[in-house]
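Notes follow once the structure below has been shown.
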Amino acid sequence: MTGPALPAGFFDRPAALVARELVGCDLRIHGVGGPIVETEAYDRTDPASHSFAGPTRRNASMFGPAGHAYVYRSYGLHWCLNLVCQPGSAVLIRALEPRHDLAAMAARRGLDDPRRLCAGPGRLCQALGVTDAEDGLLLDRPPFALSLGTPDGSVVADRRIGLTRAVETPWRFLVAGSRFVSRPVPRARAKGRADA
DNA sequence: CTGCCGATGCCCT
DNA sequence: GGGCATCGGCAGC
């Protein structure tokens, strides 16, 4: 059973807003997945975004209609899943809590530890079986299933991970204190101390 | 626990 | 040819 469907037009909004609201939503692919605990936003004006320099073959899905998947290969080894928002913008799904069909995830990952099954965009795609076969697919029908949910804790914003440009933009959203995120907010910033 | 490093494909200039 | 929206292993606190 799944929760309430996402409202129509949910993805046709600025990516940062969608990214925050996606935390807590349940994501499954072929029935495998769970509640999202970590996301990142990217948009057309963002130097760190694949869309920054305009449409190319790789990022074609990012410039298509909202509500589709954008999947790309990272570092030649891993797949990363994005949910497309307004043209040229998308939300990277970085981590979720493994809840549905853990056996499938463990088999694909070759691991057992629930904390490591889906903690990171590449790991998550491996666990859920996402490849470029999903690039461009609509999100409101199989193999995808997305439903509203409530985060298991407060949602906090922090800098994105692994970037070389626009490193300060606070467009990573995660459940504070979740054991399933790829990386917690560093103590120095978690306390609300001065930023740089 | 933290941090460095290499692997490895491919897009884009 | 340069540069990655990453990950796992291993070294060293």
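In this structure, CZ of Phe52(A) is placed 16 Å from C1' of dG3(C), rounded to the nearest angstrom. Between the CG atom of Asp132(A) and the P atom of dG9(B) there is a distance of 14 Å, rounded to whole Å. With rounding to whole Å, Arg183(A) atom CZ is found 8 Å from dG3(B) atom P. Look at CD on Glu40(A): it is 10 Å from P on dA5(C), rounded to the nearest Å. For the pair Asn82(A) CG and dA5(C) P, the computed distance is 11 Å after rounding to whole Å. In this structure, Asn59(A) places its CG atom 11 Å from P of dC11(B), rounding to the nearest Å. For the pair His50(A) NE2 and dC10(B) C1', the interatomic distance rounds to 12 Å; values are reported in whole Å.
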Under 3.5 Å, which donor-acceptor pairs do the side chains of residues 115-127 of chain A form with other protein atoms, sequence neighbours left out?
unit_1, atom_1, unit_2, atom_2, d
Arg123(A), NH1, Ala119(A), O, 2.8
Gln126(A), OE1, Arg109(A), NH1, 2.7
Gln126(A), NE2, Arg108(A), O, 3.4

N/O donor to acceptor pairs below 3.5 angstrom from side-chain atoms of residues 139-146 of chain A, sequence neighbours left out:
none

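In this structure, Glu38(A) does not pair ionically with Arg183(A), as no charged nitrogen and carboxylate oxygen lie closer than 4.0 Å. In this structure, Arg94(A) pairs ionically with Glu40(A), as a charged nitrogen and a carboxylate oxygen lie closer than 4.0 Å. The residues Arg28(A) and Asp26(A) are annotated as salt-bridged, a charged nitrogen and a carboxylate oxygen being separated by less than 4.0 angstrom.
At a threshold of 4.5 Å between side-chain heavy atoms, the hydrophobic network of Ile, Leu, Val, Met, Phe, Trp and Tyr places Leu6(A) and Ile29(A) in one connected group.
Note on Arg57(A): a side-chain N or O is less than 4.0 Å away from OP1 or OP2 of dC11(B). Checking the phosphate oxygens (OP1, OP2) of dC4(C), a side-chain nitrogen or oxygen of Thr164(A) falls inside 4.0 Å.
Here Arg58(A) pairs with nothing under the side chain to side chain donor-acceptor pair (under 3.5 Å) rule; sequence neighbours left out.
In DNA chain B, runs of at least 3 stacked Watson-Crick or G-U pairs (N1-N3 plus N6-O4 or O6-N4, or N1-O2 plus O6-N3, all under 3.5 Å) give these stems: B:1-7 with C:6-12, B:9-12 with C:1-4.
Remark: side-chain polar atoms of Glu21(A) are not paired, donor with acceptor, to backbone N or O of Val18(A) under 3.5 angstrom.
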Going 5' to 3' through nucleotides 6-13 of chain C and flagging B where a protein heavy-atom sits under 4.0 Å of the base, S where only the sugar-phosphate is that close, and - otherwise, we get BSS-----
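Listed by first and then second residue, the side-chain hydrogen bond (donor to acceptor under 3.5 Å, both in side chains) pairs involving residues 70-85 of chain A are His50(A)-Tyr70(A) (not counting sequence neighbours).
Across all strands shown, Arg58(A) has heavy atoms under 4.0 Å from sugar-phosphate atoms exclusively, and none from any base.
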